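Structure record follows, encoded as structure tokens.
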Amino acid sequence: MTGFDDEFAIVGVALALPGVGDLDQFRADLRSGAIHFETLTPEQSARSGLSAAEIGRSDYVPVASPLPDAEYFDREFFRMTPAQARTADPQQRLLISLTHDAIESSGIDVTTKRFGSYLSSSVSTYPSGSQLPRADAARLDYQALFGQDRDFLSSTVAYKFGFTGPALTIQSACSSSLVSLHQACAGLMYGDVDVAVVGAASLAFPQVQGYLYTDGGVFSPTGESRPFDSRSNGTVRGSGGCVVLVRKLADAVADGDNVLGVVVASAINNDGPNRMGYSAPSVQGQVDVLGQALSRAGISPDVVGYVEAHGTGTALGDPIEFRALSTAYADRGSRSSRCYLGSAKANYGHLDVAAGMVGLVKAMLVLDSGEVFPQPGYIEPNPSLELDSSSFQITESLVTPPGLEYAAVSSFGMGGTNSHVILRRPARRDRDTPVHVEEPVTVTLTARSTQTLARYRHRLASYLGDHGDLGLHDVVTTLRTRTRHAHVWNTRVSSVEELVASLGNDESNLYTAESEIEGSRIWLPPVPLDRVPCSSPVAAPRPPATEPSRPGVAHSVGDVFLQLVRDELGPDIEGSTDFFDAGGESITLVSLVGKLTDMTGSAVDFDRLDGASTVGEMAAALSGQFGTGDSTPSPAITFGSGRPRIHLCPPAGGTNFCYAALSRVLPRMPMSAFRASKSATVEEIAAECIETMRASGELDGRPVLGGYSFGGTVAFEIARQLEESAGAAPRAVIMIDSFAPHSFVGEREDVDRMADGVEKLWTTATAGGDGVGGVGGLDGVEAAGSGVLRSFRSLWMSNTEALAGYSPSGRIRAPIKLIRAQRPFDESWADALGMDMVKAAQWQDYTDSTVEVVEAPGDHYSLFTDPKSLDVVAAEFSRFLDEIDVDVRARQVESVGNR
């Protein structure tokens, strides 16, 4: 064998097609030979935006294959605002949903493995009302760009699920998804990834619209798809998507994964120039890729019992593909029966980039069931194929051929990129768990709402009723791996039969104790999410809202800002609504400020929003700039009410949104945060903060100081200066993932290298979308028109260089409390800054008192953005402050007693 030395396991599958919502429904649909082409009425065609003249054309074919509810999506579950979900291409939304379902079907914990995404989608035709930006546009709409441009497809999925492996969008026309599988197997082989998410989606809008037939083109003039049949005349545009999870077979078996199929080998190539034209296929190119895959698999063509063909049903494509198959799979004398041939395009039309992935799963099911599914619409072979004298046959009915161990899948892209994959049937797992058990066990289901929970109970009951041989332990074990949602139903049963009966009962017993049993992970239907309409399938875009050219003429700045926020986050937004709790992000706020800048004709000062949390606070801060409120921001921001228990220094870049997030978790905690300083050194920034505290009378007592990242270092320097000047000695310094000064080991000897490193670090941070200094994703801020990116970038780089150049002139006497991120700082970032991360937490070298270190889940940049991380940070932060207060009171009592 040459090429891959490993075999690869398919351990999770999710798909959405007309009439199909999961793997089991796909199998049933294929067994029935269903065809999902819909003949449209003139009224349906008109509702899609076509004129009467277009509908009446002789070459208009009123046939479509729409995906039901293609515009539905659970945006809240996937943390998207209404505007983000509305703007995102439904293909992207579908792949996000399918990725979730595929992971759920595998039972693999995303946090325990290195996942990567290898995805494809068709060209976006989605009429969101927000068109993709032109290169010469005065303002780029980054929300539309991220949601609709295929460049951001895989990275968006990776971001949503926390994948840290490769995130590649792969496009080779119709062969895209099988090429993606090939690349994913290479990534698994080289160790780039532990689990590969491979898939594609293809949705055209309007969904319910026919097409214009072109003589000699791909699409059928009769609205049919009959691959290899004598009446074949093209295909129909399909709709849907499919995602699979792939691992090394050895790893999957070792971890007890449910292996659904095995990829033995794959190959890809291109036809080159030796063909009739760029869009024409090549016999030799296809022969080569088929032969290479067979050679890598180390098998004879005779053992392959089924081939899922590309099978477009065109006059040119089918004969060329059949000639290539006949050559590569030529009978060598040992074949006991002919190889079956089929194509899912007969059922679902041409799914474009997703065709190969759907074909892969169909071939996998052929091997799993030992059944070859009927080819719908097939009556007699295309005479140009010479089928009777070949090694192939096509069945019109469901057949169960003996010894079906290997299958193959082809997918050929217009432009000449070919792919071929060899599959084998996985080893059958012995069922070592009983169908019935002696002691009743608890079975728990959860869902996002009572409605989806009821739907899932019905679906699971139907599935289990059709598969009575499943073990109860296996069912319980599999359900235990699913995401836990808010709405719970459970029961105690002794068999799957009892469970099916119980699932029909609306009442839940709400058993609190989970059963301590172990079984195998099996495939079960996915739990439905709370999908709601997020877009209109109609072609016409939403009419733009009427915007005043200058607030103050018809509307106040605050009113206009409120309307912008409502357009983004939903109509229920009020002045008292917390912007961030409602789903807003820093990048969202920057975009809104940019729109307000366009509408006012003046640059809006983004810094006025620093620390603001509610929409009303933001509106008031912005109104101040236009003479409708207080125009002078205070030098410090106050969170909560009462005298601040702690004074916080901003992280690099100078914004305090991280502390606003902390305050939302600790709303009764009075805190103060300094506004940004443009001073060049840590010492100068600290001196300015001390003057601010002195002016507000906060040096009358012994303050507690703190800060995140760079802000923690500034807090340390404030403490050092206060102690040195014999002023108000601080009680403690609380740091959140701040790095000890001596961890910066190389920058003082090479200032140019340091500057270059910071520049690269900034570029990576803003492009990555995770944000820097606790601000959140800032890619595209410069286009927002307010100069936010330029200002923030300049200050961030200045702060970072000041941090790296800081060398304290002494120790402090106050104790240090450090909340440190569990996940280590990225090595490439550390290298850019010249940091030794081993020394990063060694703050004991800088205080004569104690240093307490606790860890919070997440990394440096997710501590304030990930809800779980933020909850831990808030809990530890509050505990530190309470302990400091208790210690102070104890000292006061001791002092009184000594008198």
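Note that the structure is a prediction, hence the values are computed from the model and not measured.
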Quiz item: What pairs meet the salt bridge (Lys or Arg N to Asp or Glu O under 4.0 Å) rule with one or both residues in residues 704-714, with sequence neighbours excluded?
Solution: none

Quiz item: Given side chains that start at C-beta, do those of Asp871 and Val665 come closer than 4.5 Å, heavy atoms only?
Solution: yes

Practice problem: For side chain to side chain donor-acceptor pair (under 3.5 Å), just list the numbers for Glu698 and Ser672, CA-CA rounded to whole Å, side-chain angles, deciding distance to a tenth of an Å, and then say yes or no. | Solution: CA-CA 10 Å; Glu698 294 297 337; Ser672 175; over 6 Å; no

Quiz item: Below 4.0 angstrom, N of the basic side chain to O of the carboxylate: do Asp737 and Arg823 qualify?
Solution: no

Quiz item: Can you name the residues that form a salt bridge (Lys or Arg N to Asp or Glu O under 4.0 Å) with Arg484, not counting sequence neighbours?
Solution: Glu514

Exercise. Quick one: list whatever passes side chain to side chain donor-acceptor pair (under 3.5 Å) with Glu691, sequence neighbours left out.
Key: Arg694

Self-check item: Main-chain N/O of Trp796 paired to Thr800 side chain as donor or acceptor, under 3.5 Å
Solution: yes

Quiz item: Of all residues at least two apart in sequence or in a different chain, which pass the ring-ring contact (aromatic ring centres under 6.0 Å, His included) check with Phe739?
Solution: Phe825, His860

Quiz item: Does some side-chain heavy atom of Phe561 sit less than 4.5 Å from a side-chain heavy atom of Val615?
Solution: yes

Quiz item: Which class fits the ring pair Phe115 and Phe163: parallel under 30°, tilted 30 to 60°, perpendicular over 60°?
Solution: parallel

Practice problem: Identify the two heavy atoms, one from Val733 and one from Ala715, that lie closest to each other, and give their separation to 0.1 Å. | Solution: CG1-CB, 4.0 Å

Quiz prompt | Test item: Arg731 side-chain N/O and Pro703 main-chain N/O as donor-acceptor pair under 3.5 Å | solution = no

Quiz item: Looking only at atom types and distance, does a side-chain atom of Ser106 sit under 3.5 Å from a main-chain N or O of Ile108, one as donor and one as acceptor?
Solution: yes

Practice problem: Can you sort out the partners of Phe639 under ring-ring contact (aromatic ring centres under 6.0 Å, His included), two or more places apart, ordered by chain and number? | Solution: none

Quiz item: Okay, side chain of Thr169, backbone of Ser154: is any donor-acceptor separation there less than 3.5 Å?
Solution: yes

Quiz item: Does the pair Met669 and Ser878 meet the rule for a side-chain contact (heavy atoms from CB on, under 4.5 Å), with working shown?
Solution: CA-CA 8 Å; Met669 176 77 69; Ser878 181; 3.9 Å; yes

Self-check item: Under 3.5 Å: donor-acceptor pair, side chain of Glu876, backbone of Val854
Solution: no

Practice problem: Check Ala661 against Leu870 and note the closest heavy-atom contact, atom names and distance. | Solution: O-CD2, 3.7 Å

Quiz item: Say you draw a straight line from CD1 of Ile819 to CD1 of Ile736; how long is it, rounded to the nearest 0.5 Å?
Solution: 5.0 Å

Quiz item: Any luck finding a side-chain donor-acceptor pair between Glu104 and Thr483 under 3.5 Å?
Solution: yes

Practice problem: Please report the closest heavy-atom contact between Val195 and Val193, naming both atoms and the distance. | Solution: O-CG2, 3.0 Å

Exercise. Not counting sequence neighbours, which residues clear side chain to side chain donor-acceptor pair (under 3.5 Å) with Glu855? List them please.
Key: Arg820

Practice problem: Measure the spacing between CG of Asp845 and OG of Ser743 and express it to the nearest 0.5 Å. | Solution: 11.0 Å

Quiz prompt | Lys817 side-chain N/O to Ala732 backbone N/O, donor-acceptor pair under 3.5 Å | solution = no

Self-check item: Polar side-chain atom of Tyr708 near backbone of Tyr659 as donor-acceptor pair, under 3.5 Å
Solution: no

Self-check item: Stepwise side-chain contact (heavy atoms from CB on, under 4.5 Å) test for His742 and Tyr846
Solution: CA-CA 10 Å; His742 69 290; Tyr846 298 92; 2.9 Å; yes

Practice problem: Please tell me if the side chains of Leu592 and Phe579 come closer than 4.5 Å, counting only heavy atoms from C-beta onward. | Solution: yes

Practice problem: Ignoring hydrogens and angles, state whether a donor on the side chain of Asp866 or Ser869 is under 3.5 Å from an acceptor on the partner side chain. | Solution: yes

Quiz prompt | Gln842 (side chain) donor-acceptor with Pro741 (main chain) under 3.5 angstrom | solution = no

Exercise. Report yes or no: does Thr847 contribute a side-chain atom to a donor-acceptor pair with the main-chain N or O of Ala814 at less than 3.5 Å?
Key: yes

Self-check item: Side chain proximity check, Pro651 to Cys658, heavy atoms < 4.5 angstrom
Solution: yes

Practice problem: Salt-bridge test for Asp194 and Arg114: reply yes if a basic N is under 4.0 Å from a carboxylate O, no otherwise. | Solution: no

Quiz item: Mind checking whether Lys160 and His100 have side chains closer than 4.5 Å, heavy atoms only?
Solution: no

Quiz item: Closest approach of Gln721 and Ala686, non-hydrogen atoms and distance?
Solution: NE2-CB, 3.7 Å

Quiz prompt | Heavy-atom check, side chain of Cys649 versus side chain of Ile718, under 4.5 Å | solution = yes

Quiz item: Can you name the residues that form a salt bridge (Lys or Arg N to Asp or Glu O under 4.0 Å) with Arg482, not counting sequence neighbours?
Solution: none

Exercise. Give the intermediate values and the outcome of salt bridge (Lys or Arg N to Asp or Glu O under 4.0 Å) for residues Lys248 and Asp257.
Key: CA-CA 11 Å; Lys248 284 186 177 181; Asp257 293 340; over 6 Å; no

Quiz item: Any idea how Phe716 and Trp843 line up, ring-wise: parallel (<30°), tilted (30 to 60°), or perpendicular (>60°)?
Solution: tilted

Quiz item: Given the rule in the side-chain contact (heavy atoms from CB on, under 4.5 Å) test, do Gln844 and Leu818 qualify, once you have shown the distances and angles that lead to the verdict?
Solution: CA-CA 11 Å; Gln844 190 61 65; Leu818 174 64; over 6 Å; no

Exercise. Determine whether Arg675 and Pro635 make a side-chain contact, defined as any pair of heavy atoms from C-beta on separated by less than 4.5 Å.
Key: no

Self-check item: Residues which pass salt bridge (Lys or Arg N to Asp or Glu O under 4.0 Å) with Asp848, listed by chain and number, not counting sequence neighbours
Solution: Arg811

Self-check item: Reported CG-to-OG1 distance for the pair Leu699 and Thr692, which is rounded to 0.5 angstrom
Solution: 10.0 Å

Quiz item: How long is the span from the CD1 atom in Ile103 to the CG atom in Asp109, to the nearest 0.5 Å?
Solution: 10.0 Å

Quiz prompt | Residues forming a ring-ring contact (aromatic ring centres under 6.0 Å, His included) with Phe674, sequence neighbours excluded | solution = none

Quiz item: Mind checking what makes salt bridge (Lys or Arg N to Asp or Glu O under 4.0 Å) contact with Asp251, not counting sequence neighbours?
Solution: none

Self-check item: Rounded distance [0.5 Å steps], CE in Met671 versus CG in Leu881
Solution: 9.0 Å

Quiz prompt | Set of residues satisfying side chain to side chain donor-acceptor pair (under 3.5 Å) with respect to Lys113, sequence neighbours excluded | solution = Asp255

Quiz item: Nearest heavy-atom pair of Leu863 and Pro857: which atoms, and what distance?
Solution: CD2-O, 3.6 Å

Exercise. Kindly compute the distance separating CG (Leu145) from CZ (Phe152), expressed to the nearest 0.5 Å.
Key: 4.5 Å

Practice problem: Taking the side chain as every heavy atom from C-beta outward, state whether Ile685 and Phe710 have any pair of such atoms under 4.5 Å apart. | Solution: yes

Exercise. List in chain and number order the residues that pass side chain to side chain donor-acceptor pair (under 3.5 Å) with Ser809, two or more places apart in sequence or in another chain; answer none if no residue qualifies.
Key: Arg720

Quiz item: Glu852 and Arg879: which non-hydrogen atoms are nearest, and at how many Å?
Solution: OE2-NH2, 3.0 Å

